[in-house]
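Working notes, structure below.
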There are 2 protein chains.
Amino acid sequence: MPVKKKGPPYPVETVGLDVLEDTLSFYIRSINIALSRDLDDRLEGLDVARGTGKITTLLLVDSHPGIRPSVIAQLIMRDRSAMGRLVDQMIDHELITRQAAPDDGRAQELHITQKGADLARKVRKIATKQSSDFFADVPEKDQKRLLDILRRVYRRTAGLDQ
Amino acid sequence: MPVKKKGPPYPVETVGLDVLEDTLSFYIRSINIALSRDLDDRLEGLDVARGTGKITTLLLVDSHPGIRPSVIAQLIMRDRSAMGRLVDQMIDHELITRQAAPDDGRAQELHITQKGADLARKVRKIATKQSSDFFADVPEKDQKRLLDILRRVYRRTAGLDQ
DNA sequence: CAGAATAGTTGCGTTTGTCCACTAAAAGTA
DNA sequence: TACTTTTAGTGGACAAACGCAACTATTCTG
């Protein structure tokens, strides 16, 4: 007669996720957690840890000199107040500069600094490597597919299409 | 000679996302934001707003009577301390109960309450509907594919395979 | 029995984001 | 021109949530 093993009544590997098992939202949200942690680890001490916000802002300002905060805000799906703080922070770190827009007194234009440009180069490498490492197990073909689908969802959600 | 239009130097629709354009991480992280907001809206006042954590916990406790906090923690990718607080909160709301595990003095077993079970029923409906609404634009076939791929990534990340 | 590992708790600090109200400027309207 | 509405950005207050690290109590290993 086999001895009854100890251990939890429901070992992790065997637990069913109820309806979440088939829910895209659940997986996106869970993977997001792991993804963000992994990315943060790799950005250790780089003035740009935590959140998609800083990275995206840095890269956008670098590749679009004079871009406006409100435009970035929409792309990273944050409200203007959050965006403002983000900009403040990056200016403190001397990654970007802010100046009034010449043709619109309400708006600002953001520009990259030397330090920001240097960081942007590093961050590009890290971000792309991180993503490909993280999804390394996913077959090439599936990755492409995933990218296409998610890009579409993102663009629609951010209001970039139509 | 055409008059020079006002407006931002880089209108949102035309801004390229630099290397992020092809980075899975970026899309996952961005979509996650929209997804979470949408879900929170739909959970308005339901004792279970904010975070994948509460929903998953509720459903798991409901479908696995006696499940342990540490098992759930691993599935939702949180540390034990975060999980503990989550449990406290749900007990305060009288959604679940906690008791010592009979066979292991260190462990606990969680059980659903009537109120919790009722809520679980509602939440199942909301969560599945939310996900399918949100991804309604994605063709059925792509959704299946997405689900398969993401499920695999999740299971690997959460350490459920092997 | 001694040492290592596991489950859970608690305190601490940090960060992050959201809501709301407010200013200034520009655009629309008549 | 005068009036209204919309847009860009700022600042404060507030509320969570999360992770780390330290600590207790069990249990497992050898």
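Chain naming here is simple, since letters A, B, ... match the order of the sequence lines and numbering starts at 1 in each.
- Within the 4.0 Å cut-off from OP1 or OP2 of D:dA16, not a single side-chain nitrogen or oxygen of B:Gln89 is found.
- Put simply, the side chain of A:Leu17 reaches to within 4.5 Å of the side chain of B:Tyr154, judged on heavy atoms.
- Between B:Arg80 and B:Ser70, the side chains place no donor N or O within less than 3.5 Å of an acceptor N or O (distance only, hydrogens not considered).
- Taking atom CG of A:Asp47 as the reference point, atom P of C:dT15 lies 13 Å away to the nearest angstrom.
- Computed from coordinates, the A:Asp79 CG to D:dG11 P distance equals 15 Å when rounded to whole Å.
- Look at A:Arg98 and you'll find a side-chain N or O under 4.0 angstrom from OP1 or OP2 of D:dT10.
- The shortest distance between the side-chain N/O atoms of A:Lys54 and the OP1/OP2 oxygens of C:dT16 is below 4.0 Å.
- Mapping A:Val87 and A:Ile33 onto DNA chain D by nearest heavy atom places A:Val87 at the nucleotide closer to the 5' end.
- Looking at the side chain of B:Ser70, the nearest of the listed nucleotides C:dC19, C:dA7, C:dT9 is C:dA7.
- Among the protein residues, A:Arg78 comes within range of the sugar-phosphate backbone only, with heavy atoms under 4.0 Å from sugar or phosphate atoms but none that close to a base.
- In this entry the distance linking CG of B:Asp103 with P of D:dA25 reads 20 Å, nearest Å.
- Expressed to the nearest 0.5 Å, how far CZ of B:Phe26 lies from CD of A:Gln130 amounts to 13.5 Å.
- Within the structure, every side-chain polar atom (N or O) of A:Arg85 is placed at least 4.0 Å from both OP1 and OP2 of D:dG9.
- Atom pair A:Asp40:CG and D:dC18:P shows a separation of 14 Å (rounding to whole Å applied).
- No donor-acceptor contact under 3.5 Å links the side chain of A:Arg106 to the base of D:dG9.
- For A:Ser81 and C:dC19, a side-chain-to-base donor-acceptor distance below 3.5 Å is present, hydrogens and geometry of angles not being considered.
- A straight line from CD1 of B:Ile96 to C1' of C:dG8 spans 14 Å, rounded to a whole angstrom.
- Looking at heavy atoms from C-beta onward, B:Met77 lies out of side-chain contact with B:Thr52 at the 4.5 angstrom threshold.
- At a threshold of 4.0 Å, the pair A:Asp62-A:Arg121 does not count as salt-bridged, since none of the basic side-chain nitrogens sits closer than that to a carboxylate oxygen.
- Mapping B:Arg80 and A:Leu86 onto DNA chain C via the closest heavy atom, the residue that lands nearer the 5' end is B:Arg80.
- A salt bridge is absent between B:Arg152 and A:Asp137; no separation between the charged side-chain nitrogens and carboxylate oxygens falls under 4.0 Å.
- D:dC20 atom P lies 11 Å from atom CD of A:Glu44, rounded to whole Å.
- Spacing between atom CD of B:Glu109 and atom C1' of D:dT26 amounts to 15 Å, rounded to whole angstrom units.
- Contacts of B:Arg50 with the nucleic acid, taken as non-hydrogen atoms under 4.0 Å apart, involve only primed sugar atoms and P, OP1 or OP2.
- Of the candidate nucleotides D:dG19, C:dG8, C:dA25, C:dA25 has the atom nearest to the side chain of A:Asp104.
- Rounding to whole angstrom units, CE of residue B:Met83 and P of C:dG8 are separated by 9 Å.
- Nucleic acid contact for B:Asp88: none, since no nucleic acid atom lies under 4.0 Å from a heavy atom of the residue.
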